[in-house]
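In this chain, residues are counted from 1 in sequence order. The analysis underlying the following values was restricted to heavy atoms, covering all of them including side chains, and did not include hydrogens, waters or symmetry mates.
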Amino acid sequence: MKSDRLTHGRHPSPRFANFPFDPSTLPFFYGTVVLVCGTLGVLASAPGQTVGVSVFTDFLIEAHALSRSWISFAYLAGTIGSALLISRAGQYYDRFGGRWVSAISAAMLAVVLVGMSFSDVIAGAVASVLPGGYRDGVSFVVLMLGFFAMRFFGQGMLTLSSRNMVLEWFEQRRGMALAFIGISIAFGFSATPPFFEWLIQRGGWSWAWQVIATIVAGFSLLAFCLARSRPEEHGMLPDGPFAKEGRKTHAETLSGRQFTLSEARRTYSFWVFTFSVVLSGLLLTAFSFHVVSIFADAGMSRSRAVAIFVPAACVSVVVEFAGSWLSDFVKLKYLAMVQSTGSLMLALGLSFLDEDGSIVFVVVGMGLMQGMFGIISGVTWPRFFGRLHLGAISGFSTSIVVAGTAVGPYLFSVSHDQVGTYQPATLLCAAAAIVLIAVSCRADRPE
């Protein structure tokens, strides 16, 4: 099967594309190396994801002497600010490719993490030159700017560029490529809270962020050396030797016409799939951000709360593998319905959380959501709208998702502060999940 042609607006052989070596001269399909690099890139974004930030929340509350609601609001403001720029930044992906964007994003994330490790020192220094009574306001602004940069370079650009880079090297085998990424991320992200917690216990929260920054900087160098943006730049086509003529896949997997961003935004399916991911991201972000507090309200310990991500990851791995394989053979709307069902289960499990049956709903629901998240947010855009404007389309969707995830922690904080429980927020998410399941029935690929 021939790849859809990508010539309009793209230079066929960008400068330094083959530095330090030309992948077409190697005796194997270089897409496998890009797959590993893209997976490591998404894993390197963990410090900018809520699952990574949540471990530091209580320490930031103590260090900056701010309430949980103010920390959540700083996170909300910073994340929404980053969301406003991600859509435009996605256009830079179309222009420069995943190699450069992922390497630069990782380097900037490392710098930001070092800055966040001194956030209390920076806030104190700025407040010392201002009239008294401004310390809380300065701390809020410092954290807001820090969260903005962490979310923009981490959850936003590094995740988007790393995943899209892989999707450009695989077409017929996109589902299996995403399965590899998803399984790796499921285990990697589930190990993130315990690993970050271990670093904090070893040397404190500030030292932990500095160590993590060193690891992320190492990936930036790796991405520069090994990652490659598009197979066409090196005289190759997606899938390489894995492409097969007449492979029996669903008609949706075959290349369709190339949509522009404005055309994609006018389709019904774009918004259904985007909001399915938004709800999952919102709910998972809110849960991750407040996981210790949520479990404390249910009478469970901090260690029990942090450990919940491990069994959920096991469910996620199974769902991710099965869903990625199925994505090559079934309509994506059915997988979107499974994702929204996971959102419903998690929301109901949190609404009535205890040590008995409801925790099973939490584990299974989170596993379904996480397992389908990468598939829906990755496969949908190149399959439905083509690869020509992939950065702009996925970037715009990602900006909405990032903004939605920002609302989650604050929504939960307000619920807890006003009525003393997270239940109003979780029940609202459950209602939204039911609506999404219903509207997904008509979310077919635009023709």
List the atom pairs, donor and acceptor, that lie under 3.5 Å between side-chain atoms in residues 368-376 and the rest of the protein, sequence neighbours left out.
none

Atom CZ of R230 and atom CD of E168: how far apart are they, to the nearest 0.5 Å?
5.0 Å
Taking all non-hydrogen atoms of both residues into account, name the closest pair between W271 and R265 and its distance.
NE1-O, 2.7 Å
Report the distance from atom CE of M165 to atom CG of L160, rounding to the nearest 0.5 Å.
11.0 Å
Kindly say whether S54 contributes a backbone atom to a donor-acceptor pair with the side chain of T57 at under 3.5 angstrom?
yes
Taking side chain as C-beta onward, heavy atoms only, is L76 less than 4.5 Å from P409?
no
Nearest non-hydrogen partners of V112 and A149, listed with the distance
CG2-CB, 3.5 Å
Please, which pairs that meet salt bridge (charged side-chain N to carboxylate O under 4.0 Å, His left out) have at least one residue in residues 402-411, sequence neighbours excluded?
none
S162 backbone acceptor or donor facing S102 side chain under 3.5 Å
no
Dump the intermediate steps for side-chain hydrogen bond (donor to acceptor under 3.5 Å, both in side chains) on S280 and S343, then the final yes or no.
CA-CA 6 Å; S280 294; S343 299; 3.1 Å; yes
With a 6.0 Å cut-off on the ring centroids, do F273 and F384 count as close?
yes
Any side-chain heavy atom of M366 within less than 4.5 Å of one from L284?
yes
Could you state the interatomic distance from CH2 (W207) to CH2 (W209), rounded to the nearest 0.5 Å?
15.0 Å
Tell me whether the count of non-hydrogen atoms from other residues, nucleotides or ligands lying under 6.0 Å of OH in Y92 goes above 12.
no
Using the salt bridge (charged side-chain N to carboxylate O under 4.0 Å, His left out) rule, collect all pairs that involve residues 35-58, keeping only residues at least two apart or in two chains.
D58-R68, D58-R302
Can you tell me if T79 and R151 form a side-chain donor-acceptor pair at under 3.5 Å?
yes
Any residue meeting ring-ring contact (aromatic ring centres under 6.0 Å, His included) with F180, in chain and number order, not counting sequence neighbours:
none
Distance only, no hydrogens: is a donor on one side chain within 3.5 Å (strictly under) of an acceptor on the other, for S184 and T39?
no
Main chain of P23, side chain of R228: is a donor-acceptor contact present, judged purely on distance under 3.5 Å?
no
Could you tell me if the side chain of S397 sits less than 4.5 Å from the side chain of V277, heavy atoms only?
no
Does atom CZ (F259) have a neighbourhood of more than 12 heavy atoms from anything else shown, all under 6.0 Å?
yes
Can you measure from CD (Q258) to CG (L390) and round to the nearest 0.5 angstrom?
9.5 Å
Exercise: identify the closest heavy-atom pair between I86 and G395:
CG2-O, 3.6 Å
Quick one, L346 with F361, criterion side-chain contact (heavy atoms from CB on, under 4.5 Å). Give me CA distance, side-chain angles, the key distance, then yes/no.
CA-CA 6 Å; L346 177 58; F361 272 73; over 6 Å; no
Table please: side-chain donor-acceptor pairs of residues 214-224 below 3.5 Å, with sequence neighbours left out.
unit_1, atom_1, unit_2, atom_2, d
T214, OG1, Q210, O, 3.1
S220, OG, A103, O, 2.7

Report yes or no: do T260 and S262 form a side-chain donor-acceptor pair below 3.5 Å?
yes
Is a side-chain N or O of S399 found less than 3.5 angstrom from the main chain of F396, in a donor-acceptor match?
yes
How many angstroms lie between atom CD of E263 and atom CD1 of I393, to the nearest 0.5 angstrom?
8.5 Å
Could you tell me if the side chain of V272 sits less than 4.5 Å from the side chain of Y268, heavy atoms only?
yes
Does the gap between the ring centers of W381 and F270 come in under 6.0 Å?
yes
Test side-chain contact (heavy atoms from CB on, under 4.5 Å) on F56 and M116; report intermediate values, then the result.
CA-CA 11 Å; F56 294 86; M116 284 293 284; over 6 Å; no
Heavy-atom pair of closest approach, residues L436 and S276
CD1-CA, 3.9 Å
If every non-hydrogen atom of L43 is compared with every non-hydrogen atom of G188, which pair is closest and at what distance?
CD2-CA, 3.8 Å
Output yes when a side-chain donor or acceptor of K333 lies under 3.5 Å from a complementary backbone atom of C441, and no otherwise.
yes
S82/V402 under side-chain contact (heavy atoms from CB on, under 4.5 Å): CA gap, chis, key distance, verdict:
CA-CA 8 Å; S82 72; V402 171; 3.6 Å; yes
Test side-chain contact (heavy atoms from CB on, under 4.5 Å) on M345 and V364; report intermediate values, then the result.
CA-CA 7 Å; M345 292 181 67; V364 175; 3.6 Å; yes
Are F189 and S45 close enough that some pair of their side-chain heavy atoms sits under 4.5 Å apart?
yes
Which class fits the ring pair F152 and F148: parallel under 30°, tilted 30 to 60°, perpendicular over 60°?
parallel
I308 side, atom CD1; I294 side, atom CD1 - distance, nearest 0.5 Å
11.0 Å
Any F295 side-chain heavy atom under 4.5 Å of I359 side chain
yes
Hey, are the side chains of R202 and V211 touching, using non-hydrogen atoms and a 4.5 Å cut-off?
no
Test item: side-chain donor near acceptor, Q49 and S288, under 3.5 Å:
no
So, applying side-chain hydrogen bond (donor to acceptor under 3.5 Å, both in side chains) with S394, which one of N164, T380, D94 is it?
N164
Which residues satisfy the side chain to side chain donor-acceptor pair (under 3.5 Å) test with S24, sequence neighbours excluded?
D22
Between T426 and S351: side-chain donor-acceptor atoms closer than 3.5 Å:
yes
Looking at every heavy atom in both R99 and S229, which two are closest together, and how far apart are they?
N-OG, 3.3 Å
Pairing donors with acceptors under 3.5 angstrom, does anything connect the side chains of Y422 and S293?
yes
Does S72 reach the side chain of H290, with side-chain heavy atoms less than 4.5 Å apart?
yes
